[in-house]
Trainee: 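Sharing a structure here in structure tokens format.
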Amino acid sequence: MKDIPKTYEASQYEDDIYELWEVSGAFTPKIDSKKKPFTIAMPPPNATGTLHLGHASMLAIEDIMIRFKRMQGFCALWIPGTDHAAIATQTKVEQILLEQGITRHDLGREEFLKRVHEFVEASRGTIRNQIRRMGSSCDWSRERYTLDEGLSRAVAENFVKMYRDGLIYRGHRIVNWCPRCSSTLADDEVVYKELQEKLYYIKYGPLSLATARPETKFGDTAVAVHPKDNRYKKYIGKKIAVTTVLGETEMIVVADSVVDPKFGTGVIKVTPAHDATDFDIGKRHGLEVRQVIDENGRMNEKAGKYAGMTTREARVAVVKDMKKLGLLIKEEDYTHNLSLCYRCSTPIEPLVSLQWFIDVNKPILSARSIKLKKKLSAHGNVKKEKLMSIKEKSIEVIKNGSIKIIPDRFEKIYFNWMENLRDWCISRQIWFGHRIPVYYCLKCMEASKEASEKCHFGSENLDNVVSREPGIFVSADRLTKCLNCSKPLKQDPDTLDTWFSSGQWTFATLGWPEKTADLQYFHPTSVLETGYDILFFWVARMIIMTTYAMGEVPFETVYLHGLIRDKEGKKMSKSSGNGIDPLDMIAKYGADAVRLSLVVGSTPGNDIRLYEEKIAGCRNFINKIWNAARFAMGSSLSATPENHSIFSQSSLKTFVQSPIEHIEKKSKKYFFGDDNVSILFKHSTFFISDNLSLSDKWILTRLQRLIEKTTNDLEAYRFSDAGLGVYEFTWNEFCDWYLECSKVQPHPQVLQYVLMTILKLAHPFVPFVTEAIWKHLCPSKHNVSSNAKNKAFTDESSNNGKSKAFATELSNNEKSKMFATELLNNGKSETLSSSHRKNQTFESESLHQKECFSYVPNLLIASQWPQYDKKLIFTDEESDMQVIFNVITGIRKLRAESHVAPHRKIHAIISGHKKSCESIESQKHIIQRMAGLERLDVSPSSQKISDALSLFVGNVEVYLPLKNMMDFETERKRLQEECKKIASYIQGLETKLLNKNFIQRAPKNIVEKEKEKLETARSHLQKIEEQVRSFDS
RNA sequence: GGGCGCUUAGCUCAGUUGGUUAGAGCGACUGGUUUACACCCAGUAGGUCCAAGGUUCGAAUCCUUGAGCGCCCACCA
């Protein structure tokens, strides 16, 4: 046992333990109708991404929840996956191509997509392995990818469904156009940047107006003023003659209340084709939409001689020409927000184009209301249910509590966003993604235009094909020929917004549109855990898509974590060089330390600051547990270690008694956990009947309280509190006090029980180290791992470090070889790795068939969460022990203050109430050892010892006769200081208690408490004063 | 312009529904290495809880106002 290394080297255990978990089948829950499901759909990282701290924090928190629920006996499922991240990925590949001087258009759609897919395949393994390294206990057998076959099917089906319900339409709208990406962007994909620019005051016939974009004036089709602006009332509805750089023209003046009379001259030019506000004005007044900028951000032929220039160039030219013609009145500096593409920071060009939209305001019959209606009509009770739009529905599910957002302040933010939501543009002009399942027959479309006859397709719904407009077919199945004229069809070239597909993540990953057992059992998911920065991007879209498609909520609780910042509170980024790479940290401190550092000190919705010292601190804690366990396992607790070492064969035998097997067979409940300890506790009064010392009862009581607190905290999503609680208990109570006590007064069974319970409580937070220790405590016979790996685990306790190191090296080598091959081949030929992976899947699947947990070989991951046990609460002993600790601390303090050499053994005399003296007497050896006493006399009768240091703890008096080495003056001063402090404290209490209002209005128990406080303080004071007087005599 | 969050020890943060002589970790200082652990142990110092009002017997905690910092939404032609 002594061969267990002194420090826990995380890197030597983590990979092997992870593999053991994975192969054991513990990650893969089997549907069990007797158990409650607990499901989390992992927010899918980008398939081409690498792990950053945001992911790390998400994985840590979700894994805590999953492990906790799994141990509690839930059927806990955590579905991992990756996102194709359409624009991000396409941009990345385009950049790589650009380095070779190729554009996507050079390659053509098909070839380009091939390259993208190759790129994704090659890099997808990276993020997968990084997720593993965090210790994430997710079910890899159910892993999904937003672009895999099943999800693509779901996306297409849902599109068709929405189109059939009239929610999806095609129309000309003004959109945010990124000239570089050549694509539309959703409103929230636009970012704003403050910029210094010029505001130009220009002449517009009889009027003058201010504009920042003079180059768009060729697209002007009106001038607008505020309807109540008296200055311009006479022009409203009239046409005015305007001189422009391209000659004379006429312009109508309209009145619209969006115009701010205070800004500029109170007159604006209306350019419906190139400004969202103007587009709306144009719509209200039936203005012409005249496009003058093309999709590449250049002026088109309508701009006359400026055609072909970029908008920037045109602006300069136009201003110059206006000056010449005397049309420019003045220029003003001003700052405004320029809209930019959130991906490439290119300025956005608002353009009008033909796009697909989701109507968010159209009332629909949701699946649920349809079901409800059927039910009601069956009862002859047809009541018209209010039809809700998807927007209203999405608001309702939060309002009625079907979904709870933590912290709840985000609910308000959500409402605000949802209420202002405009129709959602879902088409993107990029190639990578889910292609829109719409097929056009150009001939029929053309024909219908010419004939302008009523479309004979009507709204006929063919088998899985919907057609509402001539020549347009919407279908989830690939169509090639027109159903009307049999001419070849052309599929819409656009793809869908990536959030359209990720909005379906919770149910599509479980098999929708098939009615799979998984879908029925695991959906709605329990918790969605993600960063608050994607509340709108993703969370809101999931609510929209799921309430619509499924008629149920996607999740019951949304837990939002904060963003990770550096010590100064700055955002971490590659450019500012303040980023911490979680993988570096894992290599240096271990995954457990990284996980813990991300959880401790974090509260939902608030950003947390992370820095290396914090991670190091967490690593120290992990090492502390390791050593506590090492002590418990290996220390010779008495002269004959074999008898007392709690994990020696003999004691284990007595500990693990035969009833266990019996219980296991008899009660199915226990198949989940293999842990003998809690079973024993449930079914015997083992400890209680045994001789428990005061410290045993104390630690057992404290432990019960910890179990209760940790469970409550975890259930209330207070992860930081839960983690800190375990941290503090382990370090400050178990290690600092109980382990020290057990050096004097060993009780192996209690020690083991407490240690094992700590391991369980800590496991969700620091799974690796706890599992590694558990392996030592409950060595397994049915290890499913390969021999080499097995060796790495079991040998370390039995032999010297060398053989262990060798074994680990072996397994690491084996693995690194495989990963190296994978990396070298860059995913092209993945014979080795994929066959390896397949074997694993096969193994775990075969385990999955059986009662998976009965196969889990004594793994902590599958053990049962500790139960709070009232029988193990000893209130009196808890406070008695506390007095003893106070005595020890007090003596230590006196020694330190009086500079008593640490080695010097001293004498102490304790007196006080009979009961206290009894318990002190019983713990005499502990006090002696921990306070460094040579001799300790305890007597109930109070005795004055004048030439001694004194200490008063509750009703206990402690004297340290140090005649020859104490400085009476110093001691007198110390005591007098103490008196002053207490006196002022007493005074405070007295005024409080003399206050009639307090006595009358405060609750009785509070008043009682205050009275008690006063009493003890008074007796304290009295005793100290006596002691001071004794110096004088 | 609208909204939200934060402000507690030198630093990073806890402080649940008002009742503690306001806590922890790191850092600092003093000492130690005692049959687990220097990734350790024992002890010390350090706070007008951002400010000003208010509610209350009682406020770090609730209300109002203000200041500083940070964030989100809308968007100015």
Side-chain angles (χ1 to χ4, degrees), chain A residues 2 4 6-8 188 192 199 209-213 216 224 258-260 262-264 267-271 275-278 334-337 339 407 409-410 412-413 416-417 420 532-533 535-536 562-563 565 567 569 589 593 600-603 605-611 613-614 616-638 713 716 718 720-721 724 727-728 732 735-736 739-740 743 889 892-893 895-897 899 901-903 929-930 932 981-982 984-985 988-989 992 995-1003 1005-1007 1009-1010 1013 1017:
Chain A
K2 278 179 187 157
I4 300 173
K6 274 168 90 165
T7 48
Y8 169 71
D188 44 21
Y192 295 92
L199 187 64
L209 53 80
T211 179
R213 299 199 63 188
T216 62
V258 298
V259 182
D260 177 4
K262 285 183 212 112
F263 188 90
V267 183
I268 63 166
K269 62 192 205 62
V270 185
T271 325
D275 185 282
T277 316
D278 293 6
Y334 95 124
T335 47
H336 80 148
N337 283 327
S339 40
R409 65 186 148 90
F410 281 97
K412 258 194 276 174
I413 301 175
N416 185 273
W417 185 84
N420 293 312
Y532 64 75
D533 52 332
L535 178 64
F536 307 137
L563 308 180
R565 298 174 176 281
K567 205 169 181 175
Y589 300 105
V600 161
S602 77
T603 39
N606 290 327
D607 297 350
I608 71 158
R609 298 179 187 204
L610 189 75
Y611 39 94
E613 297 94 301
K614 188 172 174 187
C618 292
R619 185 269 321 264
N620 294 354
F621 169 68
I622 285 148
N623 193 54
K624 190 76 181 175
I625 306 183
W626 179 256
N627 272 290
R630 207 163 68 93
F631 168 77
M633 284 184 266
S635 71
S636 41
L637 293 168
S638 78
D713 282 345
R718 291 189 298 259
S720 175
D721 286 358
L724 272 174
Y727 180 103
E728 277 163 10
N732 303 330
C735 292
D736 287 352
L739 285 190
E740 292 306 317
K743 286 175 184 171
T889 308
R892 282 172 177 169
K893 201 168 151 177
R895 291 181 62 127
E897 279 170 6
H899 305 289
H903 283 303
R929 182 195 156 92
M930 293 180 79
K981 252 198 208 162
I982 297 175
S984 76
Y985 176 52
L989 286 170
K992 204 177 202 180
N995 188 333
K996 274 180 200 161
N997 284 327
F998 175 70
I999 303 288
Q1000 275 167 11
R1001 303 193 191 185
N1005 60 326
I1006 297 287
V1007 178
K1009 248 193 216 167
E1010 296 300 297
K1013 277 187 203 166

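The chains referred to below are lettered A, B, ... by the order of the sequence lines, with proteins before strands, and numbering in each begins at 1.
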Trainee: Using the P atom as the point on both nucleotides, what is the distance between G32(B) and U20(B), in whole Å?
Mentor: 39 Å

Trainee: OP1 or OP2 of U44(B) less than 4.0 angstrom from a side-chain nitrogen or oxygen of Lys893(A), does that happen here?
Mentor: yes

Trainee: Between Glu1010(A) and Ile608(A), name the one whose nearest nucleotide on RNA chain B is closer to the 5' end.
Mentor: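 Residue closer to the 5' terminus by nearest nucleotide: Ile608(A).
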
Trainee: Whom does C4(B) pair with, Watson-Crick or G-U wobble, provided both distances fall under 3.5 Å?
Mentor: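 In the structure as shown, C4(B) has G70(B) as its Watson-Crick or wobble partner.
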
Trainee: In terms of side-chain heavy atoms of Asn620(A), which of A36(B), A77(B), C39(B) is nearest?
Mentor: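 Among the listed nucleotides, the one closest to the side chain of Asn620(A) is C39(B).
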
Trainee: What verdict does the side chain to side chain contact (heavy atoms under 4.5 Å, CB included) test give for Thr216(A) and Asp275(A), after you've listed the backbone C-alpha separation in whole Å, the side-chain angles of each residue and the deciding distance to 0.1 Å?
Mentor: CA-CA 9 Å; Thr216(A) 62; Asp275(A) 185 282; over 6 Å; no

Trainee: Nearest to the side chain of Ile268(A), which nucleotide is it out of G43(B), A77(B), A36(B)?
Mentor: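 Nearest to the side chain of Ile268(A) among the choices is A77(B).
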
Trainee: Without decimals, in angstroms, what is the distance between Asp278(A) CG and C76(B) P?
Mentor: 9 Å

Trainee: In whole angstrom, what separates Asp721(A)'s CG from A14(B)'s C1'?
Mentor: 7 Å

Trainee: Is any side-chain nitrogen or oxygen of Thr603(A) closer than 4.0 Å to OP1 or OP2 of A14(B)?
Mentor: yes

Trainee: Verify the contact: side-chain N or O of Lys412(A) to OP1 or OP2 of C72(B), cut-off strictly under 4.0 Å; return yes or no.
Mentor: no

Trainee: On a whole-Å scale, what distance lies between the P atoms belonging to U64(B) and G27(B)?
Mentor: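 Roughly 41 Å separates the two P atoms.
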
Trainee: P atom, G46(B) versus C4(B): distance in rounded Å?
Mentor: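 One P to the other, the span is 40 Å.
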
Trainee: Expressed as a whole number of Å, how far does the P atom of G10(B) sit from that of C49(B)?
Mentor: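 G10(B) and C49(B) have their P atoms separated by 13 Å.
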
Trainee: Could you tell me which nucleotide pairs with G18(B) by Watson-Crick or G-U wobble geometry, both distances under 3.5 Å, or answer none if nothing does?
Mentor: none

Trainee: Pairing check on A42(B): which nucleotide meets the Watson-Crick or G-U wobble criteria with it, both distances under 3.5 Å?
Mentor: U30(B)

Trainee: Does Glu728(A) get its side chain close enough to the base of A14(B), under 3.5 Å, for a donor-acceptor pair?
Mentor: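 No, no donor-acceptor pair under 3.5 Å.
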
Trainee: Is Ala1002(A) touching bases, backbone alone, or none of the nucleic acid, heavy atoms closer than 4.0 Å?
Mentor: base

Trainee: Do any side-chain nitrogens or oxygens of Lys981(A) fall under 4.0 Å of OP1 or OP2 in U21(B)?
Mentor: no

Trainee: Mind checking who U12(B) pairs with, Watson-Crick or G-U wobble, both distances under 3.5 Å?
Mentor: A24(B)

Trainee: Categorize His903(A) for me: base, sugar-phosphate, or nothing, with a 4.0 angstrom heavy-atom threshold over every strand shown.
Mentor: sugar-phosphate

Trainee: Write down the distance between CZ (Arg718(A)) and P (U17(B)), rounded to a whole number of angstrom.
Mentor: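 Rounded to whole Å, this separation is 10 Å.
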
Trainee: May I have the distance from Leu724(A) (atom CG) to U16(B) (atom C1'), rounded to whole angstrom?
Mentor: 14 Å

Trainee: Go through C39(B), A77(B), G43(B) for me and flag the one nearest to the Val259(A) side chain.
Mentor: A77(B)

Trainee: Please give the distance between the P atoms of A52(B) and U61(B) as a whole number of Å.
Mentor: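 So the two P atoms sit 12 Å from each other.
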
Trainee: Begin from the C-alpha positions of Ile4(A) and Trp626(A) and carry the test side chain to side chain contact (heavy atoms under 4.5 Å, CB included) through to its verdict.
Mentor: CA-CA 10 Å; Ile4(A) 300 173; Trp626(A) 179 256; 3.3 Å; yes

Trainee: Would you measure the distance from the P atom in C62(B) across to the matching atom in U8(B) and give it in whole Å?
Mentor: 16 Å

Trainee: Hey, mind stepping through Asp607(A) and Leu563(A) against side chain to side chain contact (heavy atoms under 4.5 Å, CB included) and telling me if it holds?
Mentor: CA-CA 5 Å; Asp607(A) 297 350; Leu563(A) 308 180; 3.7 Å; yes

Trainee: Which value, in whole Å, describes the distance between the C1' atoms of nucleotides A67(B) and A45(B)?
Mentor: 32 Å

Trainee: Select base, sugar-phosphate, or nothing to describe what Ile413(A) touches, counting heavy atoms under 4.0 Å on all strands.
Mentor: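 No contact.
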
Trainee: Is Asn416(A) close enough to C72(B) that one of its side-chain N or O atoms is under 4.0 Å from OP1 or OP2 there?
Mentor: no

Trainee: Does Lys1013(A) reach a base, just sugar-phosphate, or nothing at all? Heavy atoms under 4.0 Å.
Mentor: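 Sugar-phosphate contact only - Lys1013(A) comes under 4.0 Å of backbone atoms but never of a base.
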
Trainee: Confirm from the modelled atom types if Arg619(A) and C39(B) form a donor-acceptor pair under 3.5 Å, side chain to base only.
Mentor: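 Result: at least one qualifying N/O pair found.
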
Trainee: If you measure from the ring centre of Tyr985(A) to the centre of the six-membered ring in the base of U21(B), is it under 5.5 Å, with the planes under 30° apart?
Mentor: yes

Trainee: Taking OP1 and OP2 of A42(B), is either one under 4.0 Å from a side-chain nitrogen or oxygen of Thr889(A)?
Mentor: no

Trainee: Is there a side chain to side chain contact (heavy atoms under 4.5 Å, CB included) between Val1007(A) and Phe998(A) once you walk through the steps?
Mentor: CA-CA 8 Å; Val1007(A) 178; Phe998(A) 175 70; 4.0 Å; yes

Trainee: How close or far is atom P of C11(B) from atom CZ of Arg609(A), stated in whole angstroms?
Mentor: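 Rounded to the whole Å, the gap is 11 Å.
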
Trainee: Rounded to whole Å, please give me the gap between CH2 in Trp417(A) and P in C73(B).
Mentor: 11 Å

Trainee: Write down the atom of Asp278(A), the atom of Lys269(A), and the distance for their closest heavy-atom approach.
Mentor: OD2-O, 3.3 Å

Trainee: Measure the spacing between OG1 of Thr211(A) and CD1 of Ile268(A) and express it to the nearest 0.5 Å.
Mentor: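 So the gap between those two atoms works out to 9.5 Å.
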
Trainee: Within the modelled atom types, does a donor on one side and an acceptor on the other bring the side chain of Arg929(A) and the base of U35(B) under 3.5 Å apart?
Mentor: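 Present.
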
Trainee: For U55(B) and A59(B), measure between their C1' atoms and round to the nearest Å.
Mentor: 10 Å

Trainee: Tell me: CG of Asn732(A) to C1' of C41(B), nearest whole Å?
Mentor: 12 Å

Trainee: Between A74(B) atom C1' and Asp260(A) atom CG, what is the distance in whole Å?
Mentor: 15 Å

Trainee: Do Tyr985(A) and Lys1013(A) come close enough that some side-chain heavy atom pair is under 4.5 Å?
Mentor: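 When only atoms from C-beta onward are counted, Lys1013(A) and Tyr985(A) do touch, with a gap below 4.5 Å.
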
Trainee: What contact category does Thr211(A) fall into here, base, sugar-phosphate, or nothing, at under 4.0 angstrom with non-hydrogen atoms?
Mentor: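 Touches sugar-phosphate only.
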
Trainee: Should Arg895(A) be listed as having a side-chain N or O under 4.0 Å from OP1 or OP2 of A42(B)?
Mentor: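 For A42(B), OP1/OP2 do not have a side-chain N/O of Arg895(A) under 4.0 Å.
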
Trainee: If you go through the side-chain atoms of Lys624(A), does one of them form a donor-acceptor pair with the base of C37(B) closer than 3.5 Å?
Mentor: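 Flag set: donor-acceptor pair detected.
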
Trainee: Between Ala628(A) and Arg565(A), which residue's closest nucleotide on RNA chain B lies nearer the 5′ terminus?
Mentor: Ala628(A)

Trainee: State, with a plain yes or no, whether a side-chain heavy atom of Lys614(A) is found less than 4.5 Å away from one of Arg609(A).
Mentor: no

Trainee: Is the NZ or CZ atom of Lys624(A) both under 6.0 Å from the centre of the six-membered ring of Tyr727(A) and within 45° of that ring's axis?
Mentor: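 Checked: cation-pi criterion not met.
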
Trainee: For C4(B), take OP1 and OP2 only and decide whether either is under 4.0 Å from a side-chain N or O of Arg409(A).
Mentor: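 No, outside the criterion.
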
Trainee: If you check the Pro902(A) side chain, which of C39(B), G31(B), G19(B) turns out closest?
Mentor: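 Nearest listed nucleotide: G31(B).
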
Trainee: Given C37(B), is OP1 or OP2 found less than 4.0 Å from the side-chain N or O atoms of Lys6(A)?
Mentor: yes

Trainee: Quick one: label Asp607(A) by what it contacts on the DNA or RNA (base, sugar-phosphate, nothing), any heavy atom closer than 4.0 Å.
Mentor: nothing

Trainee: Using both distances under 3.5 Å as the test, list the Watson-Crick or G-U wobble partner of C62(B), or none.
Mentor: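 Checking every strand shown, C62(B) finds its partner in G54(B), with both distances under 3.5 Å.
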
